[in-house]
Structures are given as structure tokens and as C-alpha cells.
Amino acid sequence: MSVYVYNTLTQQKELFEPWAPPQVHMYVCGVTVYDHCHLGHARAYAAFDLVRRHLEYRGYRVTHVQNFTDVDDKIIARAQELGVAHEELTRTYEDAYFAAMDALGVNRAQDYPRATQSMPQIIAMIVRLLDQGYAYEVNGSVYFSIAHYAPYGQLSKRDRKQMEAGARVEVDTHKKDPLDFVLWKPQKAGEPAWDSPWGLGRPGWHIECSAMATAAFGPRIDIHAGGQDLIFPHHENEIAQSEAATGQKPFAKYWLHNGFVTLDKQKMSKSLGNVFTLRELYQRYDPNLLRFFLLRVHYRHPIHFSTTQIEEDAAALKRLSQAAHEFTQPAPEAMHAEFQAQFDAALDDDFNSTEAMAVLFNACREVNKLKKGGPLLSKLAKQLGLDLPKEESTLDPRILELLKQRAQARAEKNFMESDRLRDLLKQRGVLAKDTPQGQKWERV
RNA sequence: GGCGACGUGGCCGAGUGGUUAGGCAGAGGUCUGCAAAACCUUGUACCCCAGUUCGAACCUGGGCGUCGCCUCCA
């Protein structure tokens with residue numbers, strides 16, 4: 001009944017105990033809206049969608065807030081390149097984000113704060129950091145001084161000295177320490193800018209999440225989530241800023257990080273150029289199938305993209321769907337309870353969707369044996385946010401006529417004719433199957 | 001170099017100190033006019049070397065290999 005979550009901060013699974021149950025405050029780092037989402041984004045948001053679904057299933061009231069980073073170097077560069085206003089560019093990709101994630105079955109967050117709409121909170125936090133001596137200003141830039149924040153490195157388990165030893169040459173000579181990071185950047189010609197006590201400029205990347213998360217939830221949140229690539233420096237910096245500014249810790253009680261999608265063993269990322277956008281993938285694969293593909297692997301482990309794997313998954317998903325719709329009577333109560341309990345236990349254990357799917361397939365075998373229990377399969381799948389789609393009953397009337405003729409031929413034991421019709425149907429994408437319950441069909 | 005993750009049967013992929021993961025593919029069988037689907041049976045897996053242990057693929061140490069972060073990145 002208790003949920004255990006792996007916490008990056010402590011590097012172990014912990015009993016999940018939010019600050020004020022049943023309320024759960026969950027902040028998920030969102031996308032920078034300058035391009036279409038790819039499979040890696042889908043992985044992250046499908047994973048944390050499952051986290052949220054399961055916590056809600058367990059009776060928690062989850063408030064999910066997820067930001068859009070809508071001002072940064074890439075956005076500005078892209079907008080200039082395309083000759084459009086940055087607001088127009090970000091709006092386009094926000095819409096694209098929602099379209100892609102809605103299709104994947106990712107539930108929408110309660111709120112999507114944007115950096116450009118959070119300037120007062122961002123500036124207020126920077127002012128606080130300056131007042132308290134955690135930050136310093138140089139020529140319109142404000143930097144966070146990690147020398148003043150002792151626990152720096154707690155999340156990523158980095159030692160400051162080693163980082164400094166390995167640090168690359170810093171071009172920014174205004175910094176007192178190469179590891180200091182920028183809170184506020186002065187405007188360069190042609191860039192969007194906001195007024196601040198340090199002149200026109202815009203916020204650094206890390207500060208926006210700290211400001212928006214604390215604006216939404218106060219100084220201490222329950223869950224903070226994002227990709228493993230955000231552990232350092234982004235989340236490390238968020239912790240430093242937030243705890244320094246609010247004086248309260250921990251900023252987040254549980255830090256959750258998803259693993260990457262890889263392609264040919266390499267991380268799928270824009271900078272490597274080896275990404276598949278969801279837009280492309282949806283033309284070839286049902287988003288529901290892609291969700292299945294993504295949840296097949298535990299969220300913290302890497303998932304290797306391959307089309308052959310997705311096609312194998314399609315076969316597996318079809319098997320579940322067929323059983324779910326073939327045997328519409330409910331499962332015996334004891335069986336239902338048994339599988340449900342195993343399924344829930346799998347998800348309680350750090351959202352182990354892989355294990356949960358194993359339970360689902362075991363249940364499927366039982367359903368096929370007993371010839372009842374289809375609703376159980378649909379119910380468990382739904383808990384993962386998956387549909388077990390039924391073949392559409394809308395068939396071309398001419399195809400229906402052929403099926404009818406074939407059934408007739410079989411009844412008359414005219415097998416030459418029935419086989420001919422089966423071939424004909426196959427050419428038209430319909431597989432005729434003879435079962436003890438009569439002729440059935442499916443699309444191929 | 002620092003930190004982190006991983007190395008499981010043909011492929012993918014969970015997990016556990018001694019008992020079946022699961023999926024896909026394969027083989028045999030039941031059913032069927034033949035197929036298909038489904039079901040049953042089947043594979044005796046855990047990178048290498050030491051150590052702890054009555055017992056290790058699972059714990060410890062070492063090695064080899066792969067990947068990620070250390071710069072923007074889900």
C-alpha cells in the first residue's frame with residue numbers, strides 16, 4: 001500500500017511521505033519551446049505522467065506544475081533566423097507540445113507557468129539572493145556565488161574542488177568563481193528584455209524554475225522531476241538558489257530523474273542530431289503504441305529505440321487488445337483482486353511499469369484460458385494510461401459482403417471458394433479467422 | 001580525470017541470496033477442412049576473476065566493456 005520512490009538526492013528508494021498528505025506538490029521541468037518535441041521528451045513526460053497517475057490512484061491529490069522555458073538563447077536565435085517574434089515562435093511550439101503529449105495520453109498539468117510571465121517573481125528572488133549575500137552584480141549581470149552556499153554538489157555528488165580542477169576555461173571573466181552561474185543577463189542588441197534593478201535584461205535559465213516552483217508551491221515541494229541530464233547543473237543550481245533564497249531546505253523532498261532514449265547506443269538529443277520527432281513517429285505509429293514502447297522499460301533505465309522493437313510491441317499490444325474485447329464478461333472476483341494487487345504492488349515499487357506489464361500479460365493468459373475477464377485487462381492498461389483498442393467495426397460494406405459470402409461458403413463446405421475469398425480479403429487488408437465462435441476478422 | 005548508471009537465455013527486458021519474470025521470435029502439441037487466433041509444453045540465461053556464505057547471477061573487492069553527466073539538453 002505504501003509507495004516507494006527512488007530519490008536522486010539520497011540515491012536510494014525511500015518510502016514516499018509528502019509534507020502534507022494527501023496533497024502532493026509536483027514540479028516537472030518542461031521543455032524549451034523552440035522546436036518540435038522528440039521521443040526523449042515523450043519518455044520523460046510519459047514517465048512522470050505515470051508517477052502522477054499512480055499517486056492519484058493511491059489517493060494523493062497531486063498538483064502538477066510544469067514550466068515552459070520561453071526565453072533563452074536558442075529561442076532568440078531561432079526567432080531571428082525565421083524572422084518572427086519570439087512570442088510567436090514559442091506559442092507555436094507550445095501548441096505543438098500539447099498536441100504531441102495529448103496524443104500520448106499525458107494528462108495536462110494544472111498550470112504551465114512561463115518564464116516571460118514570471119518576471120516579478122524571478123526578479124524578487126534575485127533581489128533576495130543579493131540582499132542575503134549569495135549573489136553579486138557586475139555590469140548588469142548578476143551571478144550566484146557558490147562559495148557562499150556550502151552544500152553545493154549535494155544532488156550530483158560533485159566535489160567543488162574536483163569540479164574546479166576539471167572546469168573548462170571560462171570566457172566570462174566577470175565571474176568570481178568559474179562555477180558561479182548567471183541569474184540575470186544584460187540585454188544585447190536586438191534581444192527581448194525586461195526591466196530590472198540591474199537594467200534591461202533577462203533571467204538565466206536556472207532561476208526561472210526556482211522562482212516558478214516556489215511561486216506555485218512555496219519554499220518546499222514534494223517532488224521535482226526531470227531528465228537525468230538536468231541533474232547537473234540545472235537542478236543542482238535550483239537547489240542552491242532556492243534554499244539560499246528561502247532559507248528553507250530541502251527545496252524538494254524527492255528528486256526523480258528519467259533515463260534517456262538512445263539511438264545506436266547514443267543519447268537521442270538535438271545537439272547530436274539523432275532525434276525522431278513525435279510528429280514524424282505519429283505518422284508511422286499509433287501514439288498509444290509508442291506509450292506502450294516507452295513504459296515497457298523502467299523509467300530510470302535507458303531505452304533503446306528500434307523499429308523492430310516497436311513492431312514486436314505492436315504484436316504484444318494486439319494480443320492484449322484481442323483478449324480484452326473477445327472476453328467481455330468480468331473476471332472472477334478473486335482473480336481480479338489477485339492480479340490487481342500484484343499490479344499495484346509493481347507500481348508501488350518506484351513505478352515499475354515493466355513489472356506491472358508482466359502482471360498484465362499473466363492476467364491476459366488467464367483471461368484467454370477462462371474466456372472471461374477482458375474488462376480486467378482494459379482496467380489495468382488504463383492505469384498505465386494505455387488503451388486496448390478495439391478493431392473498428394466500421395468496415396467497407398463491400399468487405400462485409402465478402403465476409404458474409406465466405407461464411408456462407410464455409411457453411412456449405414465449399415472450401416475452394418472460402419479460401420479464395422480469404423485471399424481476396426487479405427489483399428484488402430482484412431484477415432478472416434475461423435474460431436469456435438464463428439468467423440472473425442482483424443485488420444492486418 | 002571526477003561522479004553516476006549498466007553488462008541477464010536468439011532478440012528485448014524485470015527481478016531476487018536458495019523457489020516460473022514478462023514480451024517478441026523458434027520448436028512440439030491441442031483445436032481447425034486448411035489456415036489464423038488462443039491455450040498447453042519447451043529453452044535450464046545472468047561479462048570475467050577472487051572473496052563472504054551451507055548456498056551468489058543477485059553481497060564485497062578487483063578487472064574488462066558500454067553508456068550518460070561534468071557546456072545547452074527530457
Side-chain angles (χ1 to χ4, degrees), chain A residues 8 11 28-32 34 37-48 69 72-74 153 155-159 161-168 170-171 179 205 225-234 236 257-262 265-272 275 292-293 296-304 306 308-320 322-323 326-327 346 349 352-362 364-371 410 413-416 418-419 422-423 426 431-437 439-442 444:
Chain A
T8 306
Q11 297 180 292
V28 179
C29 278
V31 290
T32 300
Y34 73 104
C37 289
H38 62 255
L39 195 58
H41 297 116
R43 211 286 235 245
Y45 301 113
F48 300 125
T69 295
D72 94 319
D73 292 345
K74 285 178 186 166
L155 182 70
S156 54
K157 319 299 171 200
R158 276 156 218 257
D159 180 88
K161 286 205 177 93
Q162 280 162 347
M163 281 192 282
E164 280 167 14
R168 303 174 194 202
E170 252 316 326
V171 284
L179 294 176
W205 177 37
Q228 280 172 355
D229 46 4
L230 299 183
I231 294 172
F232 189 88
H234 185 55
E236 194 70 71
H257 294 98
N258 66 277
F260 301 127
V261 176
T262 64
K265 293 200 148 191
Q266 282 194 306
K267 178 185 171 188
M268 188 179 278
S269 74
K270 299 265 315 171
S271 43
L272 288 169
V275 298
F292 183 96
F293 167 80
R296 245 184 69 255
V297 179
H298 184 85
Y299 77 93
R300 283 191 283 113
H301 291 175
I303 178 164
H304 306 293
S306 81
T308 54
Q309 184 61 55
I310 292 177
E311 267 139 36
E312 285 182 10
D313 291 338
L317 188 59
K318 190 164 123 188
R319 210 177 113 221
L320 292 173
Q322 283 188 180
E326 180 93 24
F327 307 114
D349 183 14
N352 193 334
S353 53
T354 313
E355 190 70 39
M357 282 199 192
V359 175
L360 181 54
F361 280 99
N362 285 334
C364 182
R365 189 173 307 117
E366 275 304 299
V367 167
N368 278 317
K369 273 195 228 180
L370 291 176
K371 302 192 189 306
R410 280 198 81 243
K413 298 207 183 294
N414 184 352
F415 297 121
M416 287 269 279
S418 71
D419 286 353
R422 180 162 60 196
D423 286 345
K426 199 173 171 188
L431 181 67
K433 301 186 291 185
D434 302 312
T435 75
Q437 291 81 41
Q439 176 177 277
K440 305 240 170 180
W441 61 272
E442 67 181 78
V444 288

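Throughout, a chain's letter reflects where its sequence line sits, starting with A, and its residues are numbered from 1.
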Look at the side chain of A:Asp419 and the base of B:G33, then say whether one donor and one acceptor between them are separated by less than 3.5 Å. yes
Please walk me through it: do A:Gln309 and A:Asp313 pass side-chain hydrogen bond (donor to acceptor under 3.5 Å, both in side chains)? CA-CA 6 Å; A:Gln309 184 61 55; A:Asp313 291 338; 3.2 Å; yes
Could you please name the option among B:C24, B:G13, B:C40 that lies closest to any side-chain atom of A:Lys369? B:C40
Taking all non-hydrogen atoms of both residues into account, name the closest pair between A:Phe293 and A:His304 and its distance. CZ-O, 3.8 Å
Want to settle it: does A:Val31 or A:Val359 sit nearer the 5' end of RNA chain B, counting the closest nucleotide to each? A:Val359
Whole angstrom is fine here: how far is it from CD in A:Glu236 over to P in B:G2? 19 Å
Rounded to whole Å, CG of A:Leu272 lies from C1' of B:C72 at a distance of 12 Å
Could A:Glu442 and A:Lys318 be called an ion pair, given the rule that one side-chain N must be under 4.0 Å from one carboxylate O? yes
Please report the C-alpha distance between A:Thr354 and A:His298 in whole Å, then the side-chain angles of each, then the deciding distance to 0.1 Å, and finally whether the side-chain hydrogen bond (donor to acceptor under 3.5 Å, both in side chains) criterion is met. CA-CA 6 Å; A:Thr354 313; A:His298 184 85; 5.4 Å; no
Side chain A:Asp434 and base B:C34 donor-acceptor under 3.5 Å: yes
Could A:Glu236 and A:Arg158 be called an ion pair, given the rule that one side-chain N must be under 4.0 Å from one carboxylate O? no
Quick one: label A:Phe232 by what it contacts on the DNA or RNA (base, sugar-phosphate, nothing), any heavy atom closer than 4.0 Å. sugar-phosphate
Given atom CG of A:Asn414 and atom C1' of B:G33, what is their separation to the nearest angstrom? 12 Å
Do the side chains of A:Val31 and A:Thr69 get nearer than 4.5 Å, heavy atoms only? no
Do the side-chain N or O atoms of A:Arg296 get closer than 4.0 angstrom to the phosphate oxygens (OP1, OP2) of B:C24? no
Should B:A57 form a Watson-Crick or G-U wobble pair with both distances under 3.5 Å, which nucleotide is its partner? none
Quickly work out the A:Glu355 CD to B:U20 P distance and round it to whole Å. 14 Å
Please work out if A:Ser418 contacts a base, only the sugar-phosphate, or nothing of the nucleic acid, heavy-atom cut-off 4.0 Å. base
Under 3.5 Å donor-acceptor pair, A:Lys74 side-chain atoms to B:C72 base atoms: yes
Strictly below 4.0 Å, N to O, side chains only: are A:Asp423 and A:Lys426 in salt-bridge contact? no
Donor-acceptor pair (no angle test) under 3.5 Å: A:Arg158 side chain, B:C69 base: yes
Using atom CG of A:Asp229 as one end and atom P of B:C72 as the other, report the distance to the nearest whole Å. 11 Å
Identify the nucleotide, in any strand shown, that forms a Watson-Crick or G-U wobble pair with B:U20, with both distances under 3.5 Å; if there is none, say none. none
Between atom CD in A:Gln266 and atom C1' in B:G68, what is the gap in whole Å? 11 Å
Using the P atoms only, state how far B:G28 lies from B:A50, rounded to an integer number of Å. 41 Å
Reported CZ-to-CZ distance for the pair A:Arg365 and A:Arg319, which is rounded to 0.5 angstrom: 6.5 Å
With both distances kept under 3.5 Å, what pairs with B:C6, Watson-Crick or G-U wobble? B:G65
Would you say the base of B:G23 and the side-chain of A:Glu312 have a donor-acceptor pair closer than 3.5 Å? yes
Regarding A:Gln309, tell me which of base, sugar-phosphate or nothing describes its non-hydrogen contacts under 4.0 Å with the strands shown. sugar-phosphate
Looking at every strand, decide which applies to A:Gly40 at a 4.0 Å heavy-atom threshold: base, sugar-phosphate, or nothing. base
Checking all strands, does A:Gly153 fall into the base, sugar-phosphate, or nothing category for heavy-atom contacts under 4.0 angstrom? nothing
Could you tell me whether A:Val28 contacts a base, only the sugar-phosphate backbone, or nothing, with contacts defined as non-hydrogen atoms closer than 4.0 Å? nothing
Has the side chain of A:Arg300 got a donor or acceptor atom sitting under 3.5 Å from an opposite partner on the base of B:A5? no
Just call it for A:Lys267: base, sugar-phosphate, or nothing, with non-hydrogen atoms closer than 4.0 Å on any strand. base
Closest nucleotide of RNA chain B for A:Arg410 versus for A:Glu442: which of these residues is on the 5' side? A:Arg410
How far, in whole Å, is B:A37 from B:A27 if one measures between their P atoms? 12 Å
Nearest-Å distance, NZ (A:Lys440) to C1' (B:A36)? 13 Å
Nearest-neighbour nucleotide for the A:Asn368 side chain, B:A38, B:A74, B:G23 considered: B:A38
Integer angstrom distance from the P of B:A21 to that of B:G1: 38 Å
What does A:His38 touch in the nucleic acid at a heavy-atom separation under 4.0 angstrom: a base, only the sugar-phosphate, or nothing? base
Which nucleotide in the set B:U71, B:A37, B:C24 lies at the smallest distance from any side-chain heavy atom of A:Pro233? B:U71
Face-to-face contact A:Phe415 to B:G33 six-ring, under 5.5 Å, under 30°: yes
Which part of the nucleic acid, if any, lies within reach of A:Ile231 when heavy atoms closer than 4.0 Å are counted: base, sugar-phosphate only, or nothing? nothing
So what does A:His304 touch, heavy atoms closer than 4.0 Å: a base, only the sugar-phosphate, or nothing? sugar-phosphate
Base, sugar-phosphate or nothing for A:Tyr45? Non-hydrogen atoms, less than 4.0 Å. sugar-phosphate
Partner lookup for B:G33, please. Criteria are Watson-Crick or G-U wobble with both distances under 3.5 angstrom; report none if nothing qualifies. none
Could you tell me whether A:Asn352 contacts a base, only the sugar-phosphate backbone, or nothing, with contacts defined as non-hydrogen atoms closer than 4.0 Å? sugar-phosphate
Watson-Crick/G-U partner (both atom distances under 3.5 Å) of B:C72: none
Rounded interatomic separation in angstrom, taking CD from A:Glu326 and C1' from B:C39: 13 Å
Under 4.0 Å between any heavy atoms, over every strand shown, what does A:Ala346 touch: base, sugar-phosphate, or nothing? Just pick one. nothing
All side chain to side chain donor-acceptor pair (under 3.5 Å) counterparts of A:Ser306, not counting sequence neighbours: A:Thr308
Looking only at N and O atoms, is any donor in the side chain of A:Arg422 or the base of B:C34 less than 3.5 Å from an acceptor on the other one? yes
So which nucleotide from B:A14, B:C39, B:C24 ends up closest to the side chain of A:Arg365? B:C39
Would you classify A:Glu311 as touching base, sugar-phosphate or nothing, given that sugar-phosphate means primed atoms plus P, OP1 and OP2, and contacts are heavy atoms under 4.0 Å? nothing
